[in-house]
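Because the structure is predicted, anything quoted here is derived from the model rather than measured. Computed over heavy atoms, backbone and side chain alike; hydrogens, waters and symmetry mates excluded. Within every chain, numbering begins at 1; the chains are lettered A, B, ... in the order of the sequence lines, protein sequences first and strands thereafter.
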Amino acid sequence: MQNDNIHEIISIRHLTDSTYIIQMSRRGLKFRAGQHILLGKAGSIHNREYSVYSGEKDSYFEVLIKEVDDGMVSKQLKKLKAGDKVQIEGPLGFFTIEPELIEKEKFLFVATGTGIAPFHSFSRSYPEIDFLLLHGVRNANESYEKNHYPKERHILCTSGDKKGDFHGRVTEYIMKNRVSPDTHCYLCGNFNMIHEVFDLLEQQGVPPEQVHAEVYF
Amino acid sequence: MKKIAFKTLGCRLNQYETDALASRFHTGSYQIVDFNDEADIYIVNTCTVTNQSDQKSRQTISQARKKKEDALVVVTGCMANNYKESLLESKAIDFVVDNERKASIYGIVEKHFRGEVADPEGFDKDVFNYEAAYKTFHTRSMIKIQDGCDNFCTFCIIPKVRGRATSRPAEEIYANIREVIQYGFKEIVLTGVNIGRYEDGDTDFEKLVENILEIPGDFRLRISSIEPDGFTHRFFELFAHPKLTPHLHLCLQSGAESVLLKMRRMYTAKQFRQMAEKLRSMYPDFNLTTDIIVGFPAESEAEFEQSVTMAKELSFSHIHTFKYSVRSGTRAERMSEQIGEKVKNQRSEVIRKLSEENKRNYYKSMVGKKQRMLVERIGGDGVARGYGENYIPIRLKAAGLVKNQFIDVEITGLHEAKELEVTAKVI
């Protein structure tokens, strides 16, 4: 009998040398966009947290992973192939959007790096949602499937090269483009970005209860 | 009649579970004795929240074995989940029972003494299968409403040892409370790992509390320890009900936004402050107590000072200080810049002193005010001790006092004892 938390890899898409998407069998596992799972190689005692990248209604599960230089799990997972097995715990977390807000409110999604994953899930799960996504990366080749988002809703902020929509960090973009206080803001990515954006949003009058964060380490 | 002794380490939830077990053994004609006395069975309900808890748990197991060589030693609780394999190898222990099967300990012990093989793994998992405890070690009756946690704070081992969040059916909780009120308990304390996340169908935590407050009877309800996230205005309004005590143990952990973010807490320091200020604006004497972790990885002196400032400004009347300790398998285990013990000790001492100062100030502020004291015990000197609704320890000397009764008193002053208390007079 197959264990309930064992899923089969359908495919792996390599987006850059270090970043890849694992697509796995769904096996009926329900989740809310924005939640994360604990993912590891089947049989291993090691796992790591990854936000779900795919949508709530997709027939598969996807996660977006960046290989960490001194990491263990991200390297193990990168070596897997279609047909290999992984184990999932979860879904977990409360980085989700209240259903009654989806159609009537406007949203700002701010991500750095692979922190874009839950926002990919939001946009895929809720096609009607009114959002603007700021994605901060060093170089434009890290834009991670930019074509999945409506062009007018996705702003690529590049701090290295000048090939993005905005040259600079997401914080600089927010300083130059004020956020309306009635916006619901979701931040996902590295600690420093979240810490700084929290302050900026507060200065711009966004109530703290409208700011939600998922920190990546 | 076989003698059984219990020792509980750690949280109120463990205390509740021990109480429920003790009550079950008492019904089953076992004699409950003090843990320091010789017994046929020792039940050690362990904790693993810090390194210190691990050490205390191990010492307690060892003490139990030394008391009586042929006694049956049963180890349960969070350490039993976290270190199951190594505990199973210990010759000092007869049975290791995980949290999920803790409620089956009576069955395991009975089976053992009938000479049958009593493998704990053969018993069903059920974290709520506890009968209402009529025989407890406390005057207050704790009621378990929830278990487990999904928050996955980066420092915390609890999701690993208590599992995912699960809520007890609301109807069972109401029935349990009605029963303990019938047994004569006058104070109900809601307990669980993360009770604010309670959810049973349409019944959320606030609705559950509302419904409990409507249960007839002369009792009061204490929420006690809760995580500060997800409160609506309805939550704050609940405290206007005369049966709900104006006290919360609201876990802050740190006053620094940066540390809270690294801890992956579900609130900011600003939001916490707003909650505390709102409670105090609605209910000026509201008693707030809290937990603070010192020495979280990379916690700077400036960040620690933010905790100190916040603890001063919000006047927590008690602060439970935890020195951060690495828990295997948590995210914080892999964080750099672990803080040395010396610094943790210094910071812990600063918070401890502040806690004492805050407590004294809070108790002083209550002098001249009324409290409804629940008499918990009466000493040989005729002095009664108990707590007021604001969770202040009161000592009272008066004629005709009876244990487990409410009595209206006025706070008259402070009394220096091992722990600071207040004195009172009957009104």
Heavy-atom neighbours of [X] [atom1] exceed 12 at 6.0 Å:
X	atom1	answer
A:K41	NZ	no
A:K75	NZ	yes
A:R138	CZ	no
B:E199	CD	no
A:D17	CG	no

Side chain, backbone, both or neither: which part of [X] has an atom under 4.5 Å from a heavy atom of chain A?
X	result
B:T268	side chain
B:D229	neither
B:R197	side chain
B:Q271	side chain

Check: Which atoms form the tightest heavy-atom contact between B:L261 and A:H195, and what is the distance?
Finding: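 The answer is CD2-N, 3.8 Å.
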Item checked: Nearest non-hydrogen partners of A:P208 and B:Q274, listed with the distance ->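 In this case the closest contact between A:P208 and B:Q274 is CG-NE2, 4.1 Å.
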Next item on the list: Inspect the contact between B:R331 and A:E49 and indicate whether a charged nitrogen and a carboxylate oxygen are less than 4.0 angstrom apart.
Entry: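 B:R331 and A:E49: not salt-bridged.
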Check each atom of [X] against the heavy atoms of chain B and say whether the ones under 4.5 Å are side chain, backbone, both or neither.
X	value
A:P91	backbone
A:D199	side chain
A:E202	side chain
A:L187	neither
A:F198	side chain

Next item on the list: Could you have a look at A:V215, A:N47, A:L92, A:I45 and say which one has the most heavy-atom pairs with chain B under 4.5 angstrom?
Entry: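 Top count of heavy-atom pairs under 4.5 Å with chain B: A:L92.
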Checklist line | Approximate separation, where rounding is to 0.5 Å, of A:F191 CZ and B:R264 CZ | finding: 13.0 Å
